[in-house]
Amino acid sequence: MPKHLVIVESPAKAKTIEGYLGKDFVVKASMGHIRDLAKGNDAIDVEHGFSPKYIVSEAKEQVVNDLKKLAKKADTIWLATDEDREGEAIAWHLYEELGLTPHNSKRFVYHEVTKKAILKAIEQPREIDYDLVNAQQARRVLDRLVGFELSPILWRKVRPSLSAGRVQSVAVRIIVEREREIQEFNAQSSFKVNGIFLSEKEPIPFQAELSTKFDHEADAEAFLKHCTHAQYAVRSVETKPGKKSPSPPFTTSTLQQEASRKIGFSIDRTMRIAQILYEAGHITYMRTDSVNLSDDAIVLCAGEIEKSFGKEYVQTRKYQNKSSNAQEAHEAIRPTDFSATLPSLSKDEARLYDLIRKRAIASQMADAILEKTTISIEIDPKSKHMFIATGEVIKFDGFLAVYSESQDEESDQEDSKRLPAISQGEHLLNESIKAVQRYSKPPARYTEASLVKKLEELGIGRPSTYAPTISTIQKRNYVIKDNRDGKKREYVSLTLQSGVISKETLSENHGAEKAKLFPTDIGMIVNDFLVENFGNIVDYNFTANVEEQFDEIARGELEWNKMLESFYTPFHSEVTKIMTGPQKRASSARELGIDPNTGLTVYATLTRFGSAVQIGEIGAEIPPKFASLKQHQSIATISLEEALDLFKLPRSLGLFEEKDVKVGIGRFGPYIVHNSVFTSLKPEDDPYTIELERAIELIIQKRELQASRLIKAFPEQPEVTIVNGRFGPYISFGKSNVKIPKGTDPNTLTLEQCNTFAEEQGKTLQKVAPKSKAAAKKKETKSTLTTEKPKVKKATTKKATAKKAPTKKTVKKNIE
DNA sequence: CAGTGAGCGAGCTTCCGCTTGACTT
């Protein structure tokens, strides 16, 4: 019987550590926090020192019970949770919940899961650090207070079920403010001039850029004219040594960024796959903010580099963390085994593993040695303009042999090339000169990964919450990840060749976006409301400021409930002021102008059913008319013309088979209705311009599809049919669907068989309303108590989400 | 399933961080 029970946070870690310790030790995992604040609004007694009420959640009961049993049998219980604030709190909660005493329990901490580190750590046990625990309690309580006082204000002032919080509201703010910068951005154009030159000795053409840009076409043209008679000579040749150093090994945030840029993974997918690699023992822990590698790892890594590349490629380094609130309870993310023999993995796992391994290896490799050459070319001795050619040659590749980091935005610089050997004073021949109109670019929209980077820079959120936070703000419909088609734009290109200047007008695509984050109307309204009324909470520095105070608590210099007191008093009085103030909703209405037909005012506004345009006033004699916005339209940017267009639907296209054909936009996107049969438009069809002929084509297509859908019907029981669905044949059984067992030919099924299958699958022929079905489901899932929300919500939210992706749904339907 | 665009009122929603599983049409 083992005498010692060691409790860590993660089961994979438990397994590893158990291997390091002797037979007397059993190592178990707490699976993260075991207790949390009670659910409702009564978890914190603000009147009495913010005393918190903790409960063991249903999901953790089993874990706690198992640990209790083991603890009873053990002589010593070692609390070996992470060294950071949260880990210390977990240790304390365990201590309390398991009824431990100073006599039967000890605490030890480690920064890396290596045998040496663990054995050393257990030699140096300590007490639970209550100052650190209190810092965590302050953090936890503050987050609850902020979230649970701000959210209800939004329910009342904006819309039910919304949420606000210290982290998510700032994330939304970042997206909203960037969108506004982009909206306000005016692209300026200028003419960038490039020449192709040749040396007489070494006739390899190379490119050089003019040191000045021209704002106007006329200036560019005048310059090219001037160049028709120019004499080119090399004024100077400068060669400078340079070097590039590798980046540190991955943290959670940098892994998410690079996996997004290099292999196109969403941050969610990255974390899911990293978890698999971690559990299989291929990588170290993936939720970390540390760039540090253990000494053991560095030795192993250096050995691998020497073996694969040679000694001159080895340069071991210790990296310093840049982010200020890093807690560094773990190592950086690295392979557990650096050798080139890769474990057998799925394709995605292999790609992520490869990235992690190369990045870690490169971090311990030598700098790349470069040589940068700059050649200045004068046009003629009098001209103030000059052409500059730059080239870069890699003298020693170093870490570049393994890994080079990608940038968020592609820079304009092309791959720097080797320049021909040229000496000062030498005359050059010019092959051609081009002046091309270039536009300035607006700030880039955020991707999920670049938003994580920004949050990390601001010290907001933790490695374990980056991905969940970003999915929360999308679930709340504050932000959507979306694509945009670019717009065509013309630009001018002037070319001087063989003494002749020619002009071309070309066109380019700009502003196309893929998987970028856009604020929704509701996101903007909520943000504006919070910025106006709670600017201090959604301030970019709010977290940094409270973090400083948490640190003071952790150092024992500040009492945690005093800190909360001084935060909460002014905060709560602000909350009360707004809750008891005028019962006005946060207004989103934007005046667009006057409708020329009726003379009434046109508004863009947020309604119960989402963003819409409105003609006329509520409460006026003539009730206002409404029309929903299309996808990609927003209250902030819609124009009067676009708004008026929305009232052109539904429209009649004419008669087909003596019945009216109408086109409109519904819940699932644009549709045609004819003889009360609905047909979706294809993505390429525009409901505003579609003509009768095309509509009839789609109606007939739909009929053909319907015909091939039905495999078999039973006249004696018309609710039962066998049909072809998206996933193959199935039995449509009243309102529910029944699976056909594998190996059964759907064509030969009898009605009796169908009824038997239905019975076996627990389906009845009652016309079950979807509501009660979902309620039953809710009951089922209740006991598991995951973070997943019940599937069916209030009518408003349901509709709002359904509206989100009409085109997607349409596509699916068409495939069917 | 393809419409709608309130305010008589029933009761709900919500935070951040730490961890892994157990669920289907």
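By convention in this document, chain letters (A, B, ...) are assigned in the order of the sequence lines, proteins followed by strands, and residues within each chain are numbered from 1. Only a predicted model underlies this, so the values are computations on that prediction, with no experimental measurement involved.
- Proximity of Q168(A) to the phosphate of dC15(B): a side-chain N or O atom is located under 4.0 Å from OP1 or OP2.
- Put simply, R476(A) has a side-chain N or O that comes within less than 4.0 Å of OP1 or OP2 on dC15(B).
- For F626(A) and dG5(B), the ring-to-base geometry satisfies the stacking test (centroid distance below 5.5 Å, interplanar angle below 30°).
- Listed candidates were dT20(B), dG5(B), dC18(B). Nearest to the side chain of S628(A) is dG5(B).
- Using a cut-off of 4.0 Å between Lys/Arg side-chain N and Asp/Glu carboxylate O, K53(A) and D45(A) are scored as not salt-bridged.
- Residue-to-nucleotide proximity on DNA chain B shows that, of L150(A) and R462(A), the 5′-proximal contact is made by L150(A).
- Atom CD1 in I34(A) sits roughly 12 Å away from atom C1' in dT19(B) (whole-Å rounding).
- Nearest to the side-chain atoms of S680(A) among the listed nucleotides dT20(B), dA2(B), dC15(B) stands dA2(B).
- Closest approach to the S161(A) side chain among dC15(B), dT13(B), dG3(B) is made by dT13(B) (side chain taken as heavy atoms from C-beta onward).
- Atom CG in L629(A) sits about 13 Å away from atom C1' in dG5(B), given to the nearest Å.
- In this structure, E149(A) reaches neither bases nor backbone, as no heavy-atom distance under 4.0 Å exists between it and the strands shown.
- P11(A) comes within 4.0 angstrom of sugar-phosphate atoms only, judged by non-hydrogen atoms across all strands, and of no base.
- Counting only heavy atoms from C-beta on, D36(A) has its side chain closest to dC16(B) among dT20(B), dC16(B), dT19(B).
- Contact annotation: S464(A) reaches the phosphate of dC18(B) (side-chain N/O to OP1 or OP2, under 4.0 Å).
- Judged by distance alone, with hydrogens and angles left aside, T607(A) brings a side-chain donor or acceptor within reach of the base of dG5(B), the pair sitting under 3.5 Å.
- Here G87(A) lies out of heavy-atom contact (under 4.0 Å) with every strand.
- OP1 or OP2 of dG3(B) lies within a sub-4.0 Å distance of a side-chain N or O belonging to Y671(A).
- In this pair, F567(A) and F542(A) present their aromatic rings tilted. The plane angle is within the 30 to 60° band.
- Regarding contacts with the backbone of dT20(B), a side-chain N or O of R287(A) is found under 4.0 angstrom from either OP1 or OP2.
- Within 4.0 Å (heavy atoms only), G32(A) reaches at least one base atom of the nucleic acid.
- Rounded to whole Å, the distance from CD1 on I473(A) to P on dC16(B) is 11 Å.
- Distances shown here put a side-chain N or O of T465(A) below 4.0 Å from the OP1 or OP2 atom of dG17(B).
- Nucleic acid contact for A89(A): none, since no nucleic acid atom lies under 4.0 Å from a heavy atom of the residue.
- Using a 4.0 Å heavy-atom criterion, one finds that V167(A) contacts the sugar-phosphate atoms exclusively.
- Remark: ring of W155(A) overlaps the six-membered base ring of dT13(B) in a stacked fashion, centroids less than 5.5 Å apart, planes less than 30° apart.
- Listed nucleotides: dG21(B), dC18(B), dC16(B). Nearest to the side chain of R139(A): dC16(B).
- Looking at D595(A) and K625(A), no side-chain N of the basic residue comes within less than 4.0 Å of a carboxylate O on the acidic one, giving no salt bridge.
- One interatomic measurement links the two molecules: OH of Y278(A) to C1' of dT20(B), which rounds to 11 Å at whole-angstrom precision.
- Residues Q62(A) and D66(A) bring a donor and an acceptor atom of their side chains to less than 3.5 Å of each other.
- Applying the 6.0 Å contact sphere to CG of D686(A) captures more than 12 heavy atoms from other residues, nucleotides or ligands.
- Taking 4.0 angstrom as the limit, Y466(A) places none of its side-chain polar atoms (N or O) nearer than this to OP1 or OP2 of dG17(B).
- Residue R85(A) is out of contact with every strand shown, counting any heavy-atom pair closer than 4.0 Å.
- Ring geometry, Y54(A) versus W92(A): the interplanar angle exceeds 60°, so the pair is classed perpendicular (tilted spans 30 to 60°).
- Residue F148(A) has its side chain nearest to dT14(B) when only dA6(B), dG17(B), dT14(B) are considered.
- Rounded to a whole Å, the CZ atom of R159(A) is 16 Å from the P atom of dG5(B).
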Subject >> side-chain hydrogen bond (donor to acceptor under 3.5 Å, both in side chains) between S253(A) and E456(A), intermediate numbers included >> reply: CA-CA 7 Å; S253(A) 145; E456(A) 190 188 36; 2.8 Å; yes
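- Where S163(A) and M286(A) meet DNA chain B, the nucleotide closest to each residue was compared, and S163(A) sits on the side nearer the 5' end.
- Across the protein-nucleic acid pair, M271(A) atom CE and dG17(B) atom C1' stand 13 Å apart, rounded to whole Å.
- In this structure, NZ of K630(A) is placed 22 Å from P of dA2(B), rounded to the nearest angstrom.
- Within the nucleic acid shown, D82(A) comes within 4.0 Å of sugar-phosphate atoms alone, with no base atom in reach, counting heavy atoms only.
- T679(A) and R703(A) share no donor-acceptor pair across their side chains, judged by distance under 3.5 Å alone.
- When the P atom of dG17(B) is taken as reference, atom CG of L142(A) falls 11 Å away, rounded to whole Å.
- Taking 3.5 Å as the limit, the base of dC16(B) and the side chain of R144(A) contain no donor-acceptor pair of atoms between them.
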